[in-house]
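Okay, structure first, notes after.
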Amino acid sequence: MLGKSAGARGFSAFNTVFLIVLSLLCVAPLVHIAAVSLSSSSAVTAGWVILWPVDFTWDSYRFVLSRGEIWSPMIVTLKRVVLGGGLNLLMTILIAYPLSKESAVFRARTGYAWFFFFTMLFSGGLIPWYMIIRQLELLDSVWALVLPAGVPVFNIVLLLNFFRQLPKELEEAAFMDGAGHWTTLWKIYLPASLPALATVSLFAVVWHWNSWFDGLILMNRPEHYPLQSYLQTVIMQRDMTFIQHLSRAELAVVSDRTIKSAQILIATLPILFVYPFLQRFFVKGIVLGSVKG
């Protein structure tokens, strides 16, 4: 077996170094936030905290969790993830299956495919989007965050390409045994598409978890904000009223920066715990589903 050329080895080394640097740039901000949240107020104010806690303390987390302000946005976000993720997955499956068929089987397939593709490129704009939701009386409810994003077109394209790569003999054998499209979808296609389903589920969950702009627009009361919208208001509006209620002893260990860092990390931890369990499906699903059949 011939060895790699000098150019190939150099390119491989450059890729390795580049990816390591890129990974560190992605991880470093999160590590810094964790270090700030676990440090004392005086150390953070003095600028001593970079990537490691100084004067280690859990007081910022005790303060955030004891006040309870973060629990209401957390519950709203969990509702949004469960309802929105479930709706996204259901609509993705029901739309991707017929679109994966040939035009001879589903004659209107091309028309529907272009219709969905058009919505990926163009939208009605922010004002029509808001007016429709208001006319439907969905404002200030979790459904305003779930229903407008119910049909994720990118996920549909990913799943229909995965469906097209499944052996047609599976479908033909099911039809010969008397199964219809509905039975074939749920008993043949879906069990064989677990990597793709895990991938589109992860996309939907992460999207709903990270969304913050629609919460600011569609929720009239702060207690109905999802978690990311709540964090955006806390970080950007710099609400310092809670600091006024702290005693001198508490101010020595917690501050505006340490409390905000603790809130950010608490909001990030759930998605960090979920991702490793879906990562092995994610790699296989995104590679296979992205290849056009």
Side-chain angles (χ1 to χ4, degrees), residues 78-123 132 136 138 142-211 271 274-293:
L78 291 177
K79 288 181 181 176
R80 175 177 187 168
V81 168
V82 172
L83 295 174
L87 179 64
N88 285 165
L89 184 60
L90 179 64
M91 296 303 294
T92 300
I93 293 171
L94 295 181
I95 296 173
Y97 178 74
L99 291 181
S100 67
K101 303 303 176 188
E102 302 293 338
S103 298
V105 179
F106 180 32
R107 295 182 179 179
R109 183 185 71 89
T110 304
Y112 278 106
W114 276 107
F115 172 76
F116 287 113
F117 181 69
F118 183 84
T119 63
M120 288 182 66
L121 303 179
F122 305 99
S123 67
I132 289 174
L136 294 175
L138 295 176
V142 70
W143 295 109
L145 307 174
V146 170
L147 293 180
V151 181
V153 180
F154 178 78
N155 293 355
I156 292 171
V157 174
L158 199 66
L159 189 59
L160 78 85
N161 281 329
F162 195 94
F163 282 163
R164 286 178 180 177
Q165 295 171 17
L166 295 177
K168 292 186 180 300
E169 289 78 8
L170 291 174
E171 185 182 50
E172 293 171 356
F175 286 158
M176 290 184 66
D177 289 339
H181 284 291
W182 193 255
T183 303
T184 304
L185 170 62
W186 294 104
K187 293 189 176 180
I188 303 296
Y189 272 66
L190 295 189
S193 306
L194 290 181
L197 295 176
T199 302
V200 296
S201 299
L202 183 63
F203 281 159
V205 167
V206 171
W207 188 87
H208 280 289
W209 186 271
N210 288 335
S211 294
I271 206 70
V274 169
Y275 185 79
F277 295 101
L278 297 177
Q279 194 269 343
R280 61 192 179 97
F281 297 108
F282 176 74
V283 174
K284 185 177 180 181
I286 193 68
V287 172
L288 295 180
S290 61
V291 179
K292 184 177 181 181

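FYI, the numbering just counts along the sequence from 1.
Of all the heavy atoms in Ala113 and Leu99, the pair that sits closest is N-CD2, 4.0 Å. When all heavy atoms of Ala149 and His208 are compared, the closest pair comes out as CB-CE1, 4.5 Å. Here the shortest heavy-atom pairing between Glu102 and Arg109 reads C-NE, 4.0 Å. When all heavy atoms of Gly85 and Ala204 are compared, the closest pair comes out as CA-CB, 4.2 Å. Nearest heavy-atom pair across Arg80 and Ser211 is NH2-CB, 3.4 Å. For Ile156 against Ala96, the heavy-atom pair with the smallest separation is O-CB, 3.9 Å.
Side-chain contact between Val200 and Asn88: absent, with no pair of heavy atoms (C-beta onward) separated by less than 4.5 Å. The closest side-chain heavy-atom distance from Val157 to Phe162 is not below 4.5 Å. Looking at Ile93 and Leu197, their side chains come closer than 4.5 Å, going by heavy atoms from C-beta outward. Counting heavy atoms from C-beta on, the side chains of Leu147 and Leu87 come closer than 4.5 Å.
Remark: Asn155 engages no residue in a side-chain hydrogen bond (donor to acceptor under 3.5 Å, both in side chains) (not counting sequence neighbours). Partners of Pro167 under the side-chain contact (heavy atoms from CB on, under 4.5 Å) rule, at least two apart in sequence or in another chain, are Glu169, Leu170. By the side-chain contact (heavy atoms from CB on, under 4.5 Å) test, Leu83 pairs with Val142, Trp143, Val146, sequence neighbours left out. Listed by chain and number, the residues in a ring-ring contact (aromatic ring centres under 6.0 Å, His included) with Phe118 are Phe122 (sequence neighbours excluded). Applying the side-chain contact (heavy atoms from CB on, under 4.5 Å) test to Thr119 and every residue at least two apart in sequence or in another chain returns Val153. Shown here are the side-chain contact (heavy atoms from CB on, under 4.5 Å) partners of Pro98, two or more places apart in sequence or in another chain: Phe106. In this structure Phe116 satisfies the ring-ring contact (aromatic ring centres under 6.0 Å, His included) test with no other residue, sequence neighbours excluded.
Atom CZ of Phe175 sits in a crowded spot, with more than 12 heavy atoms from other residues, nucleotides or ligands closer than 6.0 Å.
Separation of atoms CG (Leu166) and OG (Ser193) is listed at 4.5 Å; rounding is to 0.5 Å. Here the CG atom belonging to Leu158 is positioned 10.5 Å from the CZ atom belonging to Phe163, to the nearest 0.5 angstrom. A distance of 11.5 Å separates CG of Leu159 from CZ of Arg164, quoted to the nearest 0.5 Å.
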What donor-acceptor contacts under 3.5 angstrom involve side-chain atoms of residues 178-190, with partners at least two apart or in another chain?
unit_1 : atom_1 : unit_2 : atom_2 : d
His181 : ND1    : Tyr97  : OH     : 2.9
Thr184 : OG1    : Gly180 : O      : 2.6
Tyr189 : OH     : Lys101 : NZ     : 3.1

